[in-house]
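Report on the structure given below.
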Amino acid sequence: MRMSHLFGRTLREAPGDVELPSHRLMLRAALIRPLGAGIYSLLPLGWRVVRKVEQIIREEMNAIGGQEMLMPVVHPADIWRESGRYESVGPEMSRFKDRGERDMVLAMTHEEVVTDLARQEINSYRQLPMLVYHIQTKWRDEPRSRGGLIRVREFTMKDSYSLDRDEAGLDVQYHNHWRAYERIFRRVGLDFVVVGADTGMMGGSASHEFMALSPYGEDIVLICPSCGYADNREVATFRREAPANEPLLPMEDVETPNATTIQALADYLQIPLAKTAKAVFFKGDSGRFVFAVIRGDLEVNETKLRKAARETGLTPATTEEIRAIGAEPGYGSPVGVRDALVVIDESVRDTPNLVAGANRPGWHTRNTNAGRDYQPDVVADIAAAEAGFPCPTCGEPMIAERAIEVGNIFKLGTRYSKALGADYLDEEGQSHPIVMGSYGIGSGRVSATIVEQHHDERGIVWPVTVAPYEVSLLWIGSAEDTAPQEAADRLYHELEEAGIEVLYDDRNERAGVKFNDADLIGNPIRVSVSPRTLERGEAEIKLRSAAEAQFVPLSEVVPAVRVMLDELYARLTGEAAD
RNA sequence: CGGGGUGUGGCGCAGUUGGUAGCGCGCGGCGUUUGGGACGCUGAGGUCGGAGGUUCGAGUCCUCUCACCCCGACCA
């Protein structure tokens, strides 16, 4: 490709309001352009990257028996009504009516369509197991898109769906995907961890997320450096201390003016945070008031609380709602509240004589004890794990890292097949629901995440497997002296004939412009010729990732580039590798 | 949805107490240059996000509105 004809110009300066490195660089390097909030065009260079990512995904999905297909982006609302998600999914799903006043939706995922297909096509255990996938546009009207291609509203995702007769079959497909995903992310050059995750709106029994570590990640993962335990913070647990063994003391009210926070309370009474009980109030989607109690030194994890309370969602309660159940903001206590689901953390069950609120302003109560003074409706782990907390499996301190979710795998089970009636007949002629799994990778997000992990102050440093082109070729010198251009033209044709992808900067620009653009775009190998190199009949070859260049005779450029490319590819695809 | 911020030429920005819009980069032409974002001359390009209002006069003041960005809520 000649840069003089390339659609899309590099930008010397990025728009002032973009923050993420990947967002800045992808704009500057002419990979993407915004159309609206969370909606992007992929320019030719960006599209090449995404297509390479998708091709790697395709190869690995095919390798585990996946069959590629394509399902529609516009769905009749009916199949979403059948699964129950037409009602349960909120405004992130966009709905509209067609000219016949029929309810339609824009696809945010494709479980319903696959299940609909499965009930038509699959009748017998003889047809199972099956694995289908597609790479298709999704629309999710996110309340807040941000960060370039990391979090967008319109995006492209590879989603695969496994169909099996039983859990054992699902386990195999789940494991196959796990392995395939590891190969995919290794091949595109991502540094990642696999963590246990919440199953969220998908339902289902198990889920893992593939997390690329990045300071700009939106998720937090807890990792144990000692034993390898890793979980999304939403579900991460930690080893609890043994229950304290001390006699239960009688309750006693104590005046605590202005002690509306746990810290103020502990300071005022001169006690550790761990001797206080903190009340946190929520209103559940069901309309129920959820009264969570946790020890003062811990924080409530809303995902865990949501599960413990069996709510689909929680919102912080208002002052009026809190007073309506007989509690008092800042001085809340589970003792004596009414019309509320009381959920206590294990820490509250296991720590006697906690100081809690007295449900009246300015007063707390000493020596409250769950079970004696009030009956919790649920005792559960609702505590957020933090960096430094002991690992649940080995007890060593864990670390917390920010990460970007680049892939996930879900065991759906029979949630959708039961709802839509996707059954098969077994050897005895008995009907059973198909056991399903779903597995996603966002190709645009993967591309942006690669940039997050592979850039320097000059621009992007693409892993060779996903670079827009393998080689940036350029000539420098004056336009009058045609020797460098002619040499570069010859190299361009030689490289292309050798099957090497070349982005040829044939523009009549100064050296600085060409070098800076080459660095910005970040193709892994740069080949340049100039009057200086031509004096010795040589070209300069430089790795984007290296500081030093080497010089080779013009006739050796193609084989030299070939060798360097082979090494770069081997590093990412070879089993051994660094 | 809450909080904060920004909208002035393609990009980055300036614009005073309200007085008829400017700078850098980029873009076209000519010339000089040519190994890390050159220089000179010249030229094109803006209903100042939109609507309404105050005023003799609004980029500037007021009201409403739209878009985008950041934080949070939210989220396969």
Side-chain angles (χ1 to χ4, degrees), chain A residues 8-20 23-24 27-28 30 33-39 85 89-93 108-111 138 140-148 150-153 155 157-161 197-204 206-211 216 218-219 232 234 282 285 302-303 306 312-316 405-412 437-442 445 458-459 474-482 484-485 505 507-520 526 528-535 539-540 542 549:
Chain A
R9 306 167 40 83
T10 57
L11 271 35
R12 186 177 294 199
E13 295 174 280
D17 48 17
V18 308
E19 305 253 315
L20 278 186
H23 192 188
R24 279 191 92 71
L27 286 170
R28 286 229 291 136
R33 290 290 180 259
L35 180 63
I39 309 175
R85 287 159 112 191
V89 174
E92 67 264 32
M93 181 159 75
M108 47 188 293
T109 175
H110 285 82
E111 279 78 15
K138 308 279 189 285
R140 290 183 195 173
D141 195 357
E142 297 282 351
R144 185 183 160 208
S145 56
R146 69 191 108 181
I150 299 284
R151 185 176 194 76
V152 286
R153 295 195 293 170
F155 60 101
M157 179 161 148
K158 184 288 298 177
D159 38 329
S160 43
Y161 302 90
D198 180 39
T199 48
M201 75 163 188
M202 305 297 309
S207 165
H208 285 85
E209 292 170 339
F210 288 71
M211 308 294 275
Y216 293 96
E218 300 184 278
D219 286 282
N232 192 309
E234 291 177 345
F282 293 95
D285 280 356
E302 275 193 45
T303 306
R306 201 187 65 221
T312 54
L314 296 170
T315 34
E405 181 191 345
V406 286
N408 56 50
I409 54 180
F410 269 96
K411 289 188 181 180
L412 295 174
S438 88
Y439 316 85
I441 295 180
R445 180 183 281 190
R458 312 194 64 83
L474 58 93
W475 60 267
I476 47 195
S478 77
E480 281 73 51
D481 176 9
T482 56
Q485 301 183 51
D505 196 343
R507 300 173 301 174
N508 184 18
E509 290 285 354
R510 299 173 67 84
V513 173
K514 293 189 178 185
F515 285 145
N516 280 310
D517 271 348
D519 287 345
L520 176 60
R526 187 185 77 196
S528 37
V529 291
S530 70
R532 215 154 78 191
T533 68
L534 289 178
E535 274 175 27
E540 178 194 282
K542 182 182 167 299

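Computed over heavy atoms, backbone and side chain alike; hydrogens, waters and symmetry mates excluded. Each chain gets a letter, A, B and so on, in the order its sequence line appears, and its residues count up from 1. What you see is a predicted model, and the numbers here were worked out from it, not measured in a lab.
- Residues A/I150 and A/L20 form a side-chain contact, since some pair of their non-hydrogen atoms from C-beta on lies under 4.5 Å apart.
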Before giving the answer on side-chain contact (heavy atoms from CB on, under 4.5 Å), spell out for A/R526 and A/L474 the whole-Å C-alpha distance, their side-chain angles and the decisive distance to 0.1 Å. CA-CA 8 Å; A/R526 187 185 77 196; A/L474 58 93; 4.0 Å; yes
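- Two residues are said to be in side-chain contact when any heavy atoms from C-beta on lie closer than 4.5 Å; A/R306 and A/F282 fail this criterion.
- Taking the nucleotide of RNA chain B with the nearest heavy atom to each of A/E405 and A/L20, the more 5' of the two is matched to A/L20.
- Counting to the nearest Å, the P atom of B/G37 and the CG atom of A/L474 are 14 Å from each other.
- Straight-line distance between the P atoms of B/A58 and B/G19: roughly 11 Å, to the nearest whole Å.
- Distance alone, capped at 3.5 Å, is enough to place a donor-acceptor pair between the A/R140 side chain and the A/M108 backbone.
- The shortest heavy-atom contact between A/Q485 and A/A479 is NE2-O, 3.4 Å.
- Atom CZ of A/R9 is separated from atom P of B/C25 by 15 Å (rounded to the nearest Å).
- Within the 4.0 angstrom heavy-atom criterion, no nucleotide atom of any strand lies near A/E234.
- Remark: A/E13 does not engage A/R28 in a salt bridge, criterion side-chain N to carboxylate O under 4.0 Å.
- Within 4.0 Å (heavy atoms only), A/D517 reaches at least one base atom of the nucleic acid.
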Just the atom pairs and distances: protein N or O near nucleotides 7-11 of chain B's N or O, under 3.5 Å.
unit_1, atom_1, unit_2, atom_2, d
B/C11, O2', A/E13, O, 3.2

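- Rounded to whole Å, the C1' atom of B/G12 lies 31 Å from the corresponding atom of B/G57.
- Taking atom P on both nucleotides, B/G46 is separated from B/U55 by 32 Å, rounded to a whole Å.
- For A/S478, taking side-chain heavy atoms from C-beta onward, the closest of the listed nucleotides B/C69, B/U34, B/G36 is B/U34.
- We find that CG of A/D141 is positioned 16 Å from C1' of B/A73, with the value rounded to whole Å.
- At the heavy-atom level, A/E218 lies nowhere under 4.0 Å from the strands shown.
- The CH2 atom of A/W475 sits 15 Å away from the C1' atom of B/G36 (whole-angstrom rounding).
- The P atoms of B/A21 and B/U63 are separated by 27 Å, rounded to the nearest whole Å.
- The one candidate from A/I476, A/D505, A/L520 that meets the side chain to side chain contact (heavy atoms under 4.5 Å, CB included) condition with A/F515 is A/I476.
- With RNA chain B read from its 5' end, the first of the two nearest nucleotides for A/K514 and A/P143 is the one closest to A/K514.
- Of the candidates B/G37, B/G36, B/C75, B/G36 carries the atom nearest the A/F515 side chain, counting heavy atoms from C-beta on.
- Below the 3.5 angstrom threshold, one finds no donor paired with an acceptor across the side chain of A/E509 and the base of B/G37.
- One atom, CZ of A/R306, and another, C1' of B/C74, lie 11 Å apart when rounded to the nearest Å.
- The closest side-chain heavy-atom distance from A/D517 to A/E509 is not below 4.5 Å.
- Residue A/R526 is classed as a base contact, given a heavy-atom separation below 4.0 Å to a base.
- Heavy atoms of A/R458 sit under 4.0 angstrom from at least one base atom.
- Between A/N232 and A/D219, the closest side-chain pair of non-hydrogen atoms falls below 4.5 Å.
- For the pair A/E142 CD and B/C69 C1', the interatomic distance rounds to 17 Å; values are reported in whole Å.
- Distance A/N508 CG to B/U34 P: 12 Å, rounded to the nearest Å.
- Here A/S528 lies out of heavy-atom contact (under 4.0 Å) with every strand.
- The distance between atom CE of A/M108 and atom C1' of B/C74, rounded to the nearest whole Å, is 12 Å.
- Counting non-hydrogen atoms under 4.0 angstrom, A/D159 reaches nothing in the nucleic acid.
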Would you tabulate the pairs of protein nitrogen or oxygen atoms and nucleotide nitrogen or oxygen atoms of nucleotides 38-40 of chain B closer than 3.5 angstrom?
unit_1, atom_1, unit_2, atom_2, d
B/A38, O4', A/R510, NE, 3.4

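- Across all strands, A/R28 comes closer than 4.0 Å to base atoms (heavy-atom distances).
- B/G50 and B/G4 are spaced 25 Å apart, taking the P atom of each and rounding to whole Å.
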Let me see the working for A/R532 and A/E540 under salt bridge (charged side-chain N to carboxylate O under 4.0 Å, His left out), right down to the final yes or no. CA-CA 10 Å; A/R532 215 154 78 191; A/E540 178 194 282; over 6 Å; no
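- Here the separation of B/A51 from B/C66, taken at their C1' atoms, is 10 Å to the nearest Å.
- Note that CD1 of A/I409 is 9.5 Å distant from OG of A/S160, once rounded to the nearest 0.5 Å.
- Here A/R144 lies in heavy-atom contact (under 4.0 Å) with a base.
- Side-chain atoms of A/K138 and A/H110, non-hydrogen and from C-beta on, do get closer than 4.5 Å to each other.
- Taking the P atom of each, B/G52 and B/C74 are spaced 41 Å apart, rounded to whole Å.
- Taking atom C1' on both B/C23 and B/G15, the two are 10 Å apart, rounded to the nearest angstrom.
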